[in-house]
Amino acid sequence: MPAINVTKTKFEHADPILSVSDMAASVEYYVEALGFRNADWGTDGFTSVNRDTAGIYLCQGGQGRAGTWVWIGVEDVAMLYEEYKTSGARIRRAPENYPWAFEMHVEDPDGHVLRFGSEPRTDRPFANPGF
């Protein structure tokens with residue numbers, strides 16, 4: 001998988017601890033497909049991947065399971081979407097405009113859903129959230 005070309009889209013603070021089954025595969029995905037960097041102090045059982053002020057702890061036996069949602073605020077979801085379309089990211093839902101955010105969903109190798117969101121778009125109608 002080719003290394004991602006990281007845009008200037010800023011990530012906001014996040015600190016979840018997520019359970020992973022294969023640490024090497026998870027770290028590779030977060031680094032190569034999502035543009036995070038791996039912490040210098042990581043081990044085979046616990047590490048942190050970071051991008052701007054967003055840090056995600058990856059832990060064998062940690063919290064979260066497939067389907068766990070993690071919110072990560074970003075400056076520009078549309079720009080991030082363009083970046084991720086060619087990076088190998090598993091885009092589960094393309095960006096949609098809601099009253100609370102313009103957001104897209106990306107799934108990691110363990111089934112955690114990363115909800116990337118920015119301010120709602122004023123140039124688009126709101127999607128029907130279905131609830």
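Just so it is clear, the model here is predicted, and its values are computed rather than measured.
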Original post:
Any side-chain donor paired with an acceptor under 3.5 Å for N38 and T47?
Top reply: yes
**OP:** Decide whether D15 and Y57 meet the rule of one side-chain donor and one side-chain acceptor closer than 3.5 Å.
**Re:** no
Hey, could you give me the [atom1]/[atom2] distance between [X] and [Y], rounded to the nearest 0.5 Å?
X	Y	atom1	atom2	value
T68	H112	OG1	NE2	5.0 Å
L34	S87	CG	OG	6.5 Å
D76	Y81	CG	OH	13.5 Å

Subject >> Main-chain N/O of P120 paired with N97 side-chain donor or acceptor, under 3.5 Å >> reply: no
With sequence neighbours left out, write down each residue that passes salt bridge (Lys or Arg N to Asp or Glu O under 4.0 Å) with [X], or none if nothing qualifies.
X	result
D44	none
E119	none
R90	none
R93	E96

Mind checking whether [X] and [Y] have side chains closer than 4.5 Å, heavy atoms only?
X	Y	result
F36	D52	no
R92	V106	no
W100	F126	no
L58	M23	yes
I17	I56	no

How far apart are the closest heavy atoms of [X] and [Y], and which atoms are they?
X	Y	result
A33	A89	CB-N, 3.9 Å
S48	N50	OG-OD1, 3.2 Å
A78	F102	N-CE2, 3.9 Å
P16	V70	CG-CG1, 3.5 Å

With sequence neighbours excluded, residues passing side chain to side chain donor-acceptor pair (under 3.5 Å) with [X]:
X	result
S118	none
R115	E103
D40	none
S21	D110

**OP:** Just jot down the ring-ring contact (aromatic ring centres under 6.0 Å, His included) partners of F116, sequence neighbours excluded, or say none.
**Re:** F11, Y84
Original post:
Hey, mind stepping through V20 and Q60 against side chain to side chain contact (heavy atoms under 4.5 Å, CB included) and telling me if it holds?
Top reply: CA-CA 5 Å; V20 299; Q60 290 192 318; 4.0 Å; yes
Subject >> Partner set under side-chain contact (heavy atoms from CB on, under 4.5 Å) for D22, not counting sequence neighbours >> reply: A24, A25
**OP:** Among Ile, Leu, Val, Met, Phe, Trp and Tyr joined by side-chain contacts under 4.5 Å, find the other residues sharing a cluster with W71 and list them by chain and number.
**Re:** none
**OP:** Give the other cluster members for W69, using side-chain heavy-atom distances under 4.5 Å between Ile, Leu, Val, Met, Phe, Trp and Tyr residues; answer none if it is isolated.
**Re:** V113
Original post:
Between M104 and L80, is a side chain to side chain contact (heavy atoms under 4.5 Å, CB included) present by the stated rule, with each step listed?
Top reply: CA-CA 9 Å; M104 77 171 169; L80 187 64; 3.7 Å; yes
Subject >> Check ion pair E83-R51 (N to O, under 4.0 angstrom) >> reply: yes
